[in-house]
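Order of the sequence lines sets the chain letters (A, B, ...), proteins ahead of strands, with each chain counted from 1.
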There are 2 protein chains.
Amino acid sequence: MPQKLTPLREQTRSVVRSLLARTAIDLFAAKGFDNTTLDEVAAAAGISRRTLFNYFRNKEDLALSSLSEQGDLIAARLAERPADEDCWAALRAAFQVLEEIDMTPEGRLEFITLLFGNDSLRAGHAEKQARWQDLFAPLIEPRLPASDRRTLQARAIAAAAITCLQAANEEWVRLGGKVDLLDLYDTAVQAIRRPT
Amino acid sequence: MPQKLTPLREQTRSVVRSLLARTAIDLFAAKGFDNTTLDEVAAAAGISRRTLFNYFRNKEDLALSSLSEQGDLIAARLAERPADEDCWAALRAAFQVLEEIDMTPEGRLEFITLLFGNDSLRAGHAEKQARWQDLFAPLIEPRLPASDRRTLQARAIAAAAITCLQAANEEWVRLGGKVDLLDLYDTAVQAIRRPT
DNA sequence: CACGCTATTGCACCCAGTGCAATAGCGTGC
DNA sequence: GCACGCTATTGCACTGGGTGCAATAGCGTG
């Protein structure tokens, strides 16, 4: 049973982790994900290949770790929203945390281009966002009226919101990052919720 | 540039493909995806490991090829729907093709359990369904009122519908396959579209 | 300063995936 | 029936991701 890490160790570990991820992403963006070996990443970071696996489960994680963190951020923000707020409003408010993340639009664009340019990264991306559902759904469920299918409903709403964000993101990239992401998100949400 | 395959060759190829996939899935379900090597699959199918790669791009595809076919089936059904039908109604009708597929509920359950039990398969599953968007969205777009964001809207609707199907699928598994999948799908769609 | 814990590393290994070149097998034209 | 050509199959060698293990280095604490 692993002892609780001392805050110091835990802290340095997370700093190292994000440094490694940044190094890796720069390399991936420069040379392509498949054309970059873990040996090269390790060399660029000044550590051994073996040690990379102490920080990341696999090569994909090197590129995608930030997505998990974003999910955690959004979930944390979602948990802070007033309990009686409409679930769609709460979700939208929570998504705003994405605009506060320390990342230039160029860096964001580069990152997403990297994601979309590789099959296994796209797959990993899709899966990470699917994991977001598991975080969001429990926070949404209490906001729904009582029903014997409330769990399913909460999961559907979480998934749909994430999906709208994803569609908005794709469109945002297609437009070269020149528009407001949340505007596109609103358009997407209206599209699915408007009566037809 | 690849010449058009003779129908005969093409046909035998697709038969062999599905035989191989079935063999592989049985093995995966029995021993677990990660604990099954491609050597074992090849041996069970009576061919060489190398030849497996003539039929499938990678190990994942061995397990997931049926998903691509399902996507094609749904898209084909969607294309047949009357042009003036509401897009949600058309999608729902298209999804009904899933119930006509030759697969026992037990087999379906086993397959989905396999999917959900492994990270890379879950990721591949998510990605395949994301590819469904690319198939469905162009068929949905003409059904929407004119707008400068119709492409985004169509993608959002396609993605949301797929997501509802996915949520319904998970719930269906959770309930042991004892309910009607489309009922759950309807519940999910109502959940996201109902005004709050 | 010495001890203990953990991070780091090297090494040997397994397996997925690929390029290449040899071969086997099938269908076609003669 | 026979020889030719095309493609599928296969073996082989190799790259690179990922893991288990055991030795070592380095940091924090008493």
Next item on the list: Name the closest nucleotide to the A/Asn58 side chain, picking from C/dT18, D/dG18, D/dT9.
Entry: D/dG18

Notebook entry, point to check: Once you round it to whole Å, what is the distance between P of D/dT15 and CD of A/Glu40?
Noted result: 14 Å

Next item on the list: Report the distance from atom CG of B/Asn54 to atom C1' of C/dC20, rounded to the nearest whole Å.
Entry: 13 Å

Next item on the list: Check the side chains of A/Thr187 and B/Gln153 for a donor-acceptor pair under 3.5 angstrom, ignoring hydrogens and angles.
Entry: no

Next item on the list: Would you tell me whether B/Thr51 and B/Ser48 have side-chain atoms, one donor and one acceptor, within less than 3.5 Å of each other?
Entry: yes

Next item on the list: Could you state the atom-to-atom distance from CG of A/Leu38 to P of D/dT15 in whole Å?
Entry: 16 Å

Checklist line | Candidate nucleotides D/dT10, C/dG17, C/dG10, ranked by approach to the side chain of B/Lys59 - the nearest | finding: C/dG17

Check: With respect to the side chain of B/Arg49, which nucleotide from C/dT9, D/dG18, C/dT18 is positioned closest?
Finding: C/dT18

Check: Which base, if any, makes a Watson-Crick or G-U wobble pair with D/dA25, both distances under 3.5 Å?
Finding: C/dT6

Notebook entry, point to check: Under 4.0 angstrom, heavy atoms only, what part of the nucleic acid is B/Thr36 near: base, sugar-phosphate, or nothing?
Noted result: sugar-phosphate

Notebook entry, point to check: Using a cut-off of 4.0 Å on non-hydrogen atoms, how would the nucleic acid contact of A/Thr12 be classed: base, sugar-phosphate, or nothing?
Noted result: nothing

Margin query: Partner lookup for D/dG30, please. Criteria are Watson-Crick or G-U wobble with both distances under 3.5 angstrom; report none if nothing qualifies.
Written below: C/dC1

Checklist line | Atom-pair distance (CG on B/Asp61; P on C/dT18), nearest Å | finding: 11 Å

Next item on the list: Nearest whole angstrom, please: distance from the P of C/dA16 to the CG of A/Asp34.
Entry: 18 Å

Next item on the list: Would you kindly compare A/Arg50 and A/Asp39 by the position of their nearest DNA chain D nucleotide and give the one closer to the 5′ end?
Entry: A/Asp39

Checklist line | Side-chain N or O of B/Tyr55 closer than 4.0 Å to phosphate OP1/OP2 of D/dT9 | finding: yes

Note to self: Please determine whether a side-chain nitrogen of the Lys or Arg among A/Asp61 and A/Lys128 lies less than 4.0 Å from a carboxylate oxygen of the Asp or Glu.
What the structure shows: yes

Check: CZ of A/Arg13 versus C1' of C/dT8: gap in Å, rounded?
Finding: 12 Å

Margin query: Can you see if the side chain of B/Thr51 gets near the phosphate of D/dT10 - specifically, an N or O under 4.0 Å from OP1 or OP2?
Written below: yes

Checklist line | The single option from B/Asp72, B/Val97, B/Leu139 passing side-chain contact (heavy atoms from CB on, under 4.5 Å) against B/Arg77 | finding: B/Val97

Notebook entry, point to check: With both distances under 3.5 Å as the test, what is the Watson-Crick or G-U wobble partner of C/dC11?
Noted result: D/dG20

Checklist line | A/Leu52 CG to C/dG10 P, straight-line distance once rounded to whole Å | finding: 12 Å

Notebook entry, point to check: Atom CD of A/Gln190 and atom CD1 of A/Ile192: how far apart are they, to the nearest 0.5 Å?
Noted result: 10.5 Å

Check: Between B/Asn35 (CG) and C/dC14 (C1'), how many Å, whole number?
Finding: 13 Å

